[in-house]
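See structure below.
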Amino acid sequence: MAEFVPVGPFDIVIFGVTGDLSRQKLLPALFHRYCDNQIDDSSRIIGVARGAMEHSAFLDLVKQSCSSATDSFNEQKWEKFSALLDYFDIDATNEKADWEPVKGVLSQDSRPRIFYLAVAPRLYVPICQALGQAGLKNAGARVVLEKPIGSDLQSADEINKGVGAVFDEHHIFRMDHYLGKETVQNLLILRFANMLFEPLWSNRSIDHIQITVAETLGAEGRDAYYDSAGAVRDIVQNHLLQLLCLIAMEPPNSLDAENVRGEKIKVLRALKGFDDDNITSETVRAQYNSGHIDENRVPGYVDGLPEALKNSRTETYAAIKTEIANWRWAGVPFYLRTGKRMAKRRSEIVIQFKSTPHNLFGEGHNQPNRLVLRLQPDEGMQLYMQVKEPGPGHMSLKSIPLDLSYARSFSAVKYPDAYERLLMDVVRGNLSLFMGQEEVRAAWAWTDDLLSAWDRADQKLEYYAAGTDGPLQASLLLDRDGRAWWQSEETTA
Ligand code: BG6
């Protein structure tokens, strides 16, 4: 197992510390890193939110988050970890807010001072302005912004400009937690630490690529945000496009943030856009109706919404066919899809190679090779090869995977949550797994183009039953091209 390298002492101020993201991800991530001795005892973890709370109540809240995120909660470690914690009731958007108590607990040296904005994007600029005015930045100050950065290119520009007026670009960490997933980082290793695939990695050998991010979860109490965002802004603009970039980008000449971002931007800028002729045939937007997941009945999307949102036409599913207009990828369709309340949770990339140019073995025996990269769950990869079915009869071929399961290969290893890795990278000042300003702009430019084409076409909202693989139209999207979504054994079982 790779070793944990301790980081130096740091202070982190989490805005929105009582919210979901903080309770479910950030606080447990910090606790886990502490338990592995990666965090120094002189570091401080300062929670800020609106609402008075006794110190003991804050400790209870943090303890509850940390203990519910771990199988074996370590009481002794908790006692020591809890000494790092403070809470302050501050409305950061109030010009008269009193920051003195926060200043009082921050270290007075130049150690990394991280401001984590686990709040709605509209608060990013006001909070950064307040931090600047209150003189809270030290020499090691940096800010972390959660995706989505805004809701379109214009609002993203406003955020980048406002935050950029207070923090330099190399002190701004734009978080897309997919980049912190072990298996997502492994895409870089697969492509650039192995010689095997590179000669095949282009339109010469690849027929098409599918990227799926399917969830069984719904909006999980984030109705107002999710309903205003929808699947495209919530997942496609960031997680899906990041996966696409890692699969399609040219080899960077180093892993420096600047080089990696530069290659990703080229891919995003080369993505084919949408017009009134192709929008209806190359995209699907859909919302889930009631259905069953693992035998539990799940209400339809609007049934779970408050009265004011009952007429919602927000998409909870999107399927999109796009292409990358460059020398390597011209002519290779990229099929992207994501959905809430699907049959199974899985994030998966399927690289389908071309069939052999001449079929020696007869009808039905020309299955193409496929490389299936499973990002979650059951992390691993499978390379499907044609083999002869044993037996004395006629020559019969079968597609069998060369199967690399991370669980089997690294059996003693528990994967750290993406936030654990990324938080430690913020402390180290390592930007390579964070999105750059131009990258976010390029992703929004393509996304805005898609969303405005949907508006112009008044794109029909399709429906699918919760617990299924999405609407029929998404299957037809590939069927029209003589292709089909990959069905892994687990999903067909
Ligand atoms: C978040 C989205 O960015 O990613 C959520 O806002 C989604 O809607 C989540 O559920 C999925 O992350 P993961 O790590 O569970 O695949």
Side-chain angles (χ1 to χ4, degrees), residues 16 19-26 28-29 32 68-69 116-122 124 144-151 156 173-187 211-246 285-288 293 298 301 304-305 312 314-318 336-349 373-380 406 414-423 433-435 439-440 443-444 447 466 470:
D20 275 353
L21 173 67
S22 169
R23 283 185 292 121
Q24 285 173 23
K25 295 290 183 185
L26 306 181
H32 289 152
S68 50
Y116 201 116
L117 309 193
V119 294
R122 68 188 153 74
Y124 292 169
V144 187
L145 311 176
E146 265 293 327
K147 58 112 305 222
I149 311 289
S151 53
F173 290 73
R174 296 180 188 82
M175 176 77 88
D176 179 323
H177 77 278
Y178 260 57
L179 294 178
K181 288 182 189 279
E182 291 278 327
T183 42
V184 174
Q185 288 163 46
N186 222 359
L187 296 176
I211 308 181
T212 299
V213 174
E215 298 182 84
T216 49
L217 294 179
E220 307 305 302
R222 300 183 305 155
D223 297 339
Y225 154 73
Y226 191 83
D227 199 64
S228 67
V232 168
R233 289 188 177 90
D234 187 48
I235 300 273
V236 177
Q237 189 269 349
N238 32 81
H239 303 330
L240 263 173
L241 288 187
Q242 286 293 329
L243 295 179
L244 179 144
C245 285
L246 294 176
R285 66 187 296 269
Q287 192 183 76
Y288 66 84
I293 300 182
V298 175
Y301 174 68
L305 290 177
S312 170
T314 296
E315 82 282 355
T316 58
Y317 178 100
L336 317 177
R337 65 176 165 168
T338 184
K340 295 270 187 206
R341 295 289 191 216
M342 309 272 290
K344 288 259 184 300
R345 174 178 186 244
R346 64 187 170 124
S347 297
E348 189 172 79
I349 300 171
L373 308 168
R374 275 198 323 270
L375 308 176
Q376 61 187 25
D378 310 325
E379 294 83 352
Y406 297 158
K414 185 178 173 311
Y415 289 162
D417 186 78
Y419 280 91
E420 300 181 30
R421 163 66 186 255
L422 294 172
L423 277 165
L433 296 178
F434 295 83
M435 298 178 293
E439 205 179 333
V440 172
W444 272 127
T447 308

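Atoms within each ligand, like the ligands themselves, are counted from 1 in listed order. Note that these values count all heavy atoms, side chains included, but never hydrogens, waters or copies made by symmetry.
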Nearest protein heavy atom to [atom], by residue and atom, and its distance?
atom                    : result
atom 5 (C) of ligand 1  : Arg222 NH2, 3.1 Å
atom 16 (O) of ligand 1 : Gln376 NE2, 2.7 Å
atom 7 (C) of ligand 1  : Glu215 OE1, 3.3 Å

Does an N or O from [X], backbone or side chain, lie closer than 3.5 Å to an N or O of ligand 1?
X      : answer
Asp234 : yes
His177 : yes
Ser347 : no

* To do: Decide, yes or no, whether a salt bridge links Lys25 with Asp20 under the criterion of side-chain N to carboxylate O below 4.0 Å.
  => no

* Asked: Would Glu215 and Lys340 pass as an ion pair if we require N to O under 4.0 Å?
  -> yes

So which heavy atom on [X] is nearest to which on [Y], and how close?
X      : Y      : result
Ser347 : Tyr178 : OG-OH, 3.1 Å
Asp234 : Lys147 : O-NZ, 2.8 Å
Ala69  : Pro28  : CB-CB, 3.6 Å
Phe434 : Glu439 : O-OE1, 4.2 Å

* Asked: Which class fits the ring pair His177 and Tyr419: parallel under 30°, tilted 30 to 60°, perpendicular over 60°?
  -> parallel

* Asked: Among Lys147, Arg346, His239, which residue places a heavy atom closest to atom 4 (O) of ligand 1?
  -> His239

* To do: May I ask you to identify, for Tyr178, whether its side chain, its backbone, both or neither come under 4.0 Å of ligand 1 on a heavy-atom basis?
  => side chain

* Asked: If we ignore angles and hydrogens, is there a donor and acceptor under 3.5 Å between the side chains of Glu146 and Tyr116?
  -> yes

Number the atoms of ligand 1 from 1 as they appear, then name those within less than 4.0 Å of a heavy atom of [X], with their elements.
X      : value
Lys181 : 13 (P), 14 (O), 16 (O)
Lys340 : 5 (C), 7 (C), 8 (O), 10 (O)
Arg345 : 15 (O)

